[in-house]
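Remarks on the structure that follows.
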Number of protein chains: 4
Amino acid sequence: MIKVGIVGGTGYTGVELLRLLAGHPLAEIAVITSREEAGRPVADLYPNLRGHVDIAFSEPDPQQLQACDVVFFATPHNVAMKLVPELLDRGTRIIDLSADFRIKDHTLWSQWYGEPHLCPDLLSEAVYGLPEIYRDDVRTARLVACPGCYPTTVQLGFLPLLENRLANLTDLIANVASGVSGAGRQAKVDNLYAEIGDSYKAYAVAGHRHLPEIEQGLAIMAGESVKLTFVPHLLPIIRGIHSTLYATLLDRSVDLQSLYEARFADEPFVDVLPAGSHPQTRSVKGSNSCRIAVHRPQDGNKAVILVVEDNLVKGASGQAIQNMNLMFDINETAGLAAPAMMP
Amino acid sequence: MIKVGIVGGTGYTGVELLRLLAGHPLAEIAVITSREEAGRPVADLYPNLRGHVDIAFSEPDPQQLQACDVVFFATPHNVAMKLVPELLDRGTRIIDLSADFRIKDHTLWSQWYGEPHLCPDLLSEAVYGLPEIYRDDVRTARLVACPGCYPTTVQLGFLPLLENRLANLTDLIANVASGVSGAGRQAKVDNLYAEIGDSYKAYAVAGHRHLPEIEQGLAIMAGESVKLTFVPHLLPIIRGIHSTLYATLLDRSVDLQSLYEARFADEPFVDVLPAGSHPQTRSVKGSNSCRIAVHRPQDGNKAVILVVEDNLVKGASGQAIQNMNLMFDINETAGLAAPAMMP
Amino acid sequence: MIKVGIVGGTGYTGVELLRLLAGHPLAEIAVITSREEAGRPVADLYPNLRGHVDIAFSEPDPQQLQACDVVFFATPHNVAMKLVPELLDRGTRIIDLSADFRIKDHTLWSQWYGEPHLCPDLLSEAVYGLPEIYRDDVRTARLVACPGCYPTTVQLGFLPLLENRLANLTDLIANVASGVSGAGRQAKVDNLYAEIGDSYKAYAVAGHRHLPEIEQGLAIMAGESVKLTFVPHLLPIIRGIHSTLYATLLDRSVDLQSLYEARFADEPFVDVLPAGSHPQTRSVKGSNSCRIAVHRPQDGNKAVILVVEDNLVKGASGQAIQNMNLMFDINETAGLAAPAMMP
Amino acid sequence: MIKVGIVGGTGYTGVELLRLLAGHPLAEIAVITSREEAGRPVADLYPNLRGHVDIAFSEPDPQQLQACDVVFFATPHNVAMKLVPELLDRGTRIIDLSADFRIKDHTLWSQWYGEPHLCPDLLSEAVYGLPEIYRDDVRTARLVACPGCYPTTVQLGFLPLLENRLANLTDLIANVASGVSGAGRQAKVDNLYAEIGDSYKAYAVAGHRHLPEIEQGLAIMAGESVKLTFVPHLLPIIRGIHSTLYATLLDRSVDLQSLYEARFADEPFVDVLPAGSHPQTRSVKGSNSCRIAVHRPQDGNKAVILVVEDNLVKGASGQAIQNMNLMFDINETAGLAAPAMMP
């Protein structure tokens, strides 16, 4: 059994790790930390776990964490980088769900996350945990930086176009929309039901932290820098991201459907839908799947790619476990095989 | 492997059977029928099942159904009774999720369901599929009538009080509320998002079909007839039933918490919450659990029992599979072990 | 024009006062206070008011408030009682939307609100602002205590039964459900969209602050004390309260429909629906109406009364303006005539 | 008083006309037709109108309609064109909320609406009822074709850019999202709460009927044809449209904020928000306002314009009344002055 530790387990990605690991055949949860809730049984805070997870939150204890085979960080940004170096030194492998190790350029990271990076030397070692691109690197990684929720959909959606140089790189648009669990379990007026319900809005149009992460990823695919217009929106749903991607095709004769089907044919968690489809976020609710549909409206030169995922699963905790499975050389789909819940 | 057939698989209880059976270690779906959708792959109608369920809907074919070990009826009322007798004759066991075999008195059944019963002789044989009361009978049953969604919560909630004669039997109240998936996947104006969303109402106060079923069950527990006031409400949620039960205690010195904990101590799918709790419907979303909390406000003589379930799981398809597990003598929780999804 | 001041205008009852007063033909908003938001234009916080309300929040200033004809308190509990005595002394009339002057017995008040009352002598003078019962007293009142949101529905719903001594007074049940705006605009994890959405629960079954207020009101109607079991629930909707009331009739021959229609025939804001109806909360969304339907299921001895209101309008700000209209001897419906928004 | 007739009043735009006209100081509803509901009081179907609208639905009767000063068609497409010519001949003015007279080219109309147009000669006379562009023509029109809900937001959003030739005309993108009331009050499985709730999807990416209408309008603004990529999405909200528009600026030095503020300075129902704003659909719920914010992310060459409206008000019935006010030379805002409801 893989002995798992979780740092910062009270948030939504933390509880989602627990939900998924509770059904994982080869992992056991050894420790889950929370300063605020230390001593409180996990299932008291998240009653869905009653009868499934018996441990309590504990104060972070380096000894206990080092004794784990792998430690997940489900913390806010700027926390993991304080603890990761020591854990790595002791031989514990790390899967970070926060943004601390996603961006290779520490200056750029500091611009967007507001602090100097504490271990910039680890940025080059950290493997970006998007298995559809970096699977082999993940297998041997000591430190995996899981992609953000939006970046997962945007990168998977643009991947076949960009790695084949089929789109204008200066003209990419990602119109994305997320359920509110993406904002985390924090007491903020903006995230109250009475503020979010029965409404919809864009936010952070001037600049969202996922923009540099995505542009970095797209540039690697394309082999050169790209220019992305990225507009996030907030949906009155709990889970789910829907990305509507627009690209100007260099050659409109390309068969997008075949291109996408071929690229993802062997991917267990990327599902290219039949031509003409419109994926719904609910079709992936609770599952690690990412579903994609490709369109070229009115036979024009614009590709419209639709991508959905559950932001807490493929966009966070499910993908983290997918990475763990790769790192420990077990079936990549272990613990992640359940279909989505619908309706 | 248990060879499973499903009649009427396009509705919400049908797809929920598929979702749960897709992860069942000892069952395989052999056939799923739908006249309307015959020939269409199941995963085309329910894309959450892409990669999990590969079969297509087919025309109902007695030969194919008879070849199954068990056939689930996920049909509207008044359908199963037309097909069940022949299947039973051929040795196929039946789990009916509709109301056709729930009520023992065929005259009463006809009053509420509007037609003469076609096989009233089977009513006495049919076992009411509430394992917490009829577990042993279920094991050997040829024909199981799964309880309605409301009746499951109301009967489980009143059970410890009534089988111990602790409440006034003429004064029971069940104020129940259900998510809209309980109304099924039918094209009705009343169930449109624009009609249901951001609103709440009672319905069928004059009389709901679940009333005679519940009163029958409560009378069996109590050993005499009971009088129930039953008021259903419609919630703007997809899944979930919350029942708020009121009973006048004959003796207010009873320790309700201990009573309930003891009664359900060995039940894998009934969870009595700690004193003072308020179960949320989301704490059972997607799972076969029923969670219960008991209160006696202001130390008075009224017991207030709160019960939640997922109407499509413990209230329908999950309970049906729980019954199947009992009938085929396998682990009662097989295929039903996943925790609820929260948030 | 009635010169209006509002203390504590950033919450949902504050903005609802503004929305309704913006369309009031005989009132003008002179001042609205908020320590936190002082200096910020109201329409910046509530963009629905852009073009309708031009003033900014200001620090509370006794001079400015005294210059008003009437001051509304849309503050949390335990605030109004600090400021009201001085304002009354200066001749300003007060409409308090908080709980500070609702309960006549200051000892009881302190039990539920946790502090000694600062001006218990004013409790007897304060008029309970439920016009359907206390209309004449409201007209001449200096200080009106607006009823709580739940209490408005429960008292209106039981009124015809109790003032005619038709029900068992020891056996009243109010199963009530409220939209989340009733919890106010406070940053609490419990009220996040991701916590409330697609779920439902009871809360405060052991005792809710509205219980003593309701029992006081019902006792006055009945002429003797009553015993109420009061169970509130939280709905995933923004606005709306639905109360399902249960009473044991002393004489089942009473014509409930006629009784209710007669009692409320002249009430501009209470609408008794035709026999057999089920009021929906959306049918009163945004309006000052309270809609009621009465049932006697299975011709038994239980009356089931269904009552809906918009908790922010008839349950708070609309009723406050209705009281203002009475106090200033203008048309009771001024500013309150718009129909509800549906769908 | 303007004597108003409504044809096809059972749908959401019909009831919204009633809600708004109930508060209109200079209009009276003389007749409202519905074949299906003839004889049924309007307030029976829409209880929010109890006490506000006293008439009943009636069979369509040309005599009665001709006696009106103006007749609104709130019918499905392909109905108005059958009745309008005769009514116009009798001197009744027409405001059509359906698509029958929106597109000037009857061949194009037939392509998208599936039938030959019955009165193509009226297409050139019909005035497109977008007052912000065609105000003077509306004043004298006999026949007004109200814009579709999406087209209103997209045209208002692009207007300042296109009439000043500031954007690349071959590269316009409209990523739009609508609440479900836009789909009307029809019994369709796709619009059930259990299908729509807690989910999000794009639809009709291959081609939506509003595309030719919008391209026609944009071409008129620009003085030449344009190419628009138009991707609609379905939101789990009842009312509200949010359009996110993307345009490539020809000159990035333009001051977008000033441009938009100046263009709409005198418009009573278009509100340009301060720089940096993100309009929410709820900020216009129930009101005739359209709120717009303009962005140029990362100082690049892409303009991102955010536009919200209530699809049933500014996107349908409110705009229809705005047109009526212009046609009858009364205050343009009569009956439309109420602020939006928030929260």
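Values below: all heavy atoms of this structure, side chains included; hydrogens, waters and symmetry mates excluded. Every chain is numbered from 1, with letters handed out A, B, ... down the list of sequences.
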Heavy-atom distance under 4.5 Å to chain C: side chain of B:Leu211, backbone, both or neither? side chain
Could you tell me which portion of [X] (side chain, backbone, both or neither) has an atom closer than 4.5 angstrom to a non-hydrogen atom of chain B?
X        : result
C:Ala206 : backbone
C:Ala204 : backbone
C:Pro236 : both
C:Val205 : both
C:Ile238 : both

Between chain B and chain C, identify every pair of one donor and one acceptor N or O atom lying under 3.5 Å apart.
residue  : atom : partner  : partner atom : Å
B:Asp171 : OD1  : C:Lys302 : NZ           : 2.7
B:Asn175 : OD1  : C:Tyr246 : OH           : 2.6
B:Ala194 : O    : C:Arg282 : NH1          : 3.4
B:Glu195 : O    : C:Arg282 : NE           : 3.4
B:Glu195 : OE1  : C:Arg282 : NH2          : 2.6
B:Asp198 : OD1  : C:Ile238 : N            : 3.0
B:Asp198 : OD2  : C:Lys285 : NZ           : 2.9
B:Ser199 : OG   : C:Thr281 : OG1          : 3.3
B:Ser199 : OG   : C:Arg282 : N            : 3.1
B:Tyr200 : N    : C:Thr281 : OG1          : 3.1
B:Tyr200 : O    : C:Thr281 : N            : 3.0
B:Tyr200 : OH   : C:Tyr200 : OH           : 3.4
B:Ala202 : N    : C:His242 : NE2          : 3.4
B:Ala204 : N    : C:His278 : NE2          : 3.3
B:Val205 : N    : C:His278 : NE2          : 3.2
B:Ala206 : O    : C:Gln298 : NE2          : 2.8
B:His233 : NE2  : C:Thr244 : OG1          : 2.8
B:Ile238 : N    : C:Asp198 : OD1          : 3.0
B:His242 : NE2  : C:Ala202 : N            : 3.4
B:Thr244 : OG1  : C:His233 : NE2          : 2.8
B:Tyr246 : OH   : C:Asn175 : OD1          : 2.6
B:His278 : NE2  : C:Ala204 : N            : 3.2
B:His278 : NE2  : C:Val205 : N            : 3.2
B:Thr281 : N    : C:Tyr200 : O            : 3.0
B:Thr281 : OG1  : C:Ser199 : OG           : 3.3
B:Thr281 : OG1  : C:Tyr200 : N            : 3.1
B:Arg282 : N    : C:Ser199 : OG           : 3.0
B:Arg282 : NE   : C:Glu195 : O            : 3.4
B:Arg282 : NH1  : C:Ala194 : O            : 3.4
B:Arg282 : NH2  : C:Glu195 : OE1          : 2.6
B:Lys285 : NZ   : C:Asp198 : OD2          : 3.0
B:Gln298 : NE2  : C:Ala206 : O            : 2.7
B:Lys302 : NZ   : C:Asp171 : OD1          : 2.7

Using side chain to side chain contact (heavy atoms under 4.5 Å, CB included) as the criterion, list what pairs up with B:Ala262, not counting sequence neighbours.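 Partners of B:Ala262 by the side chain to side chain contact (heavy atoms under 4.5 Å, CB included) criterion come out as none, since no residue qualifies.
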Using a 4.5 angstrom heavy-atom cutoff, name the option from C:Ala293, C:Pro297, C:Ala202 with the most pairs to chain B.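 Between C:Ala293, C:Pro297, C:Ala202, the count favours C:Ala202.
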Measure across B:Ala194 and C:Pro343 and return the closest heavy-atom pair with its distance rounded to 0.1 Å. O-CB, 3.5 Å
Closest-packed option against chain C by number of heavy-atom pairs under 4.5 Å, given B:Val304, B:Leu235, B:Leu234: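 When all of B:Val304, B:Leu235, B:Leu234 are compared, B:Leu235 has the most.
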